[in-house]
Structure formats: structure tokens, C-alpha cells
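Quantities reported herein were computed from a predicted structural model and do not represent experimental measurements.
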Amino acid sequence: DISLATAVALHGGSNGFQWTYLRLPPKSVRIAVETESSYPLSAPLKVGDVIKAWGIYIDDTTSKFSVNIIGDDDLFLLHVDFRPYIDTIVLNNKVDGRWQTEVRPEFSRSNFVSGDKFKVTIKVLDDQYKISFNNEEIARFSHRDDISLATAVALHGGSNGFKWTHLSLP
């Protein structure tokens with residue numbers, strides 16, 4: 001499996017041949033995070049990119065919390081807002097300071113296990129985002145804005161012990 005590779009080795013060369021350049025694709029890095037913070041993207045988003053955020057859910061007293069793909073000037077390309085107290089997720093975007101039409105797929109609070117770590121994954125597809133929870137697809141949301149406008153990922157919310165712990169960016 002190629003995903004298990006950890007290095008590239010260049011060998012050989014004779015009669016004056018030498019390796020002069022090797023370009024590797026950027027590697028996503030898992031970083032420790034703080035809630036209510038944003039983390040810059042190293043390059044514009046593109047189809048195939050994956051964003052992962054890990055958090056710890058404490059209990060039913062946890063209020064809403066979100067993963068957001070943001071741009072400049074208060075642009076939210078994607079707002080994934082978990083609201084366990086009403087068994088739903090709110091998906092939306094925000095342009096010029098105004099929220100657009102939201103989508104509310106059901107998502108039972110029973111998906112969370114008190115005190116356990118969970119993972120939210122956002123995969124950028126051709127015309128939509130695929131949102132997964134613990135590796136299970138839970139929703140899709142159409143691109144409403146040009147994905148190249150994304151500049152950062154912001155993690156918000158939570159209460160009563162909830163916290164975001166790690167983030168992996170493309």
C-alpha cells in the first residue's frame with residue numbers, strides 16, 4: 001500500500017548523471033488546537049483536499065460547536081455546526097455578513113459517546129463538500145462559493161468541558 005511509504009530514496013547515476021531536484025506533494029500535518037481559533041491554509045483549497053478535526057464530547061450539556069472553512073471579509077464557505085441538544089447539524093455559508101439558506105440534516109446526540117474523542121472529516125469534491133463523522137458520511141453540502149477563496153479553518157464553540165483537540169489541514 002503506497003500510503004505506508006515514509007520516504008523517497010534516489011539512487012544511481014553514472015557518466016555525469018546526477019539527481020538535482022525532487023518535489024514531493026505537501027503533507028497534511030496534525031496540529032494541536034484551541035477552540036475559538038482559526039488556522040491558515042498553506043494553499044488554496046482544491047478538489048480532493050481533506051480537512052479533519054478531532055474533539056472530545058463530554059455530555060448532553062455540551063452546546064453547539066462547529067468546523068468552518070473561512071475566507072476574507074467574514075466569508076464562511078462552509079459552516080458545519082453540531083447542535084446535539086436538538087439532534088441536528090446546521091450546514092450553511094455566510095456572505096457579506098449574512099447567513100444564507102441553511103440545511104439541517106438530522107444527527108442524533110447518541111452518535112456521541114461521553115468523554116470519547118470523535119473526528120469530523122470534510123472532503124472537497126467537484127461541486128460539494130462531503131462531511132463525515134467518525135468515518136461515516138453524514139451530509140453533503142454544495143459549493144456556494146469558489147473554493148479558492150478559502151484562507152483558513154476555524155473551530156468554534158462547545159461548553160461544559162467540550163474541546164477541539166487536533167486539526168489536520170491539506
Run the side-chain donor-acceptor check on residues 67-74: report pairs under 3.5 Å with partners two or more places apart or on a different chain.
| from | atom 1 | to | atom 2 | distance (Å) |
| --- | --- | --- | --- | --- |
| Asn68 | OD1 | His79 | ND1 | 2.5 |
| Asn68 | ND2 | Ser66 | OG | 3.0 |
| Asn68 | ND2 | Ala154 | O | 3.3 |
| Asp74 | OD2 | Lys94 | NZ | 3.3 |

Report yes if some heavy atom in the side chain of [X] is under 4.5 Å from a heavy atom in the side chain of [Y]; otherwise report no.
X	Y	answer
Leu91	Pro105	yes
Lys119	Asn134	yes
Leu45	His143	no
Val90	Lys64	no
Asn92	Phe76	no
Leu78	Asn93	no

Is the backbone N or O of [Y] less than 3.5 Å from a side-chain atom of [X], with the two atoms forming a donor-acceptor pair by type?
X	Y	answer
Ser114	Ile58	yes
Gln128	Asp126	no
Tyr85	Asp87	no
Asp146	Ser148	yes
Thr88	Phe107	no

Rounded to the nearest 0.5 Å, how far does [atom2] of [Y] lie from [atom1] of [X]?
X	Y	atom1	atom2	result
Asp127	Arg140	CG	CZ	9.0 Å
Asn111	Glu136	CG	CD	9.5 Å
Leu41	Lys46	CG	NZ	10.5 Å
Leu77	Tyr129	CG	OH	4.5 Å
Thr121	Ile51	OG1	CD1	10.0 Å
Phe82	Phe65	CZ	CZ	6.0 Å

Residue that, paired with Trp164, satisfies ring pair (Phe, Tyr, Trp, His ring centres under 6.0 Å) out of Trp54, Tyr57, Phe118: Phe118
Single-linkage hydrophobic cluster, 4.5 Å side-chain cutoff, Ile122 and Ile138 together: yes
Minimal non-hydrogen separation, Ala53 against Leu167, with atom names: CB-CD1, 4.0 Å
Contact summary for Ser38 and Ala152, nearest pair of heavy atoms: CB-CB, 4.5 Å
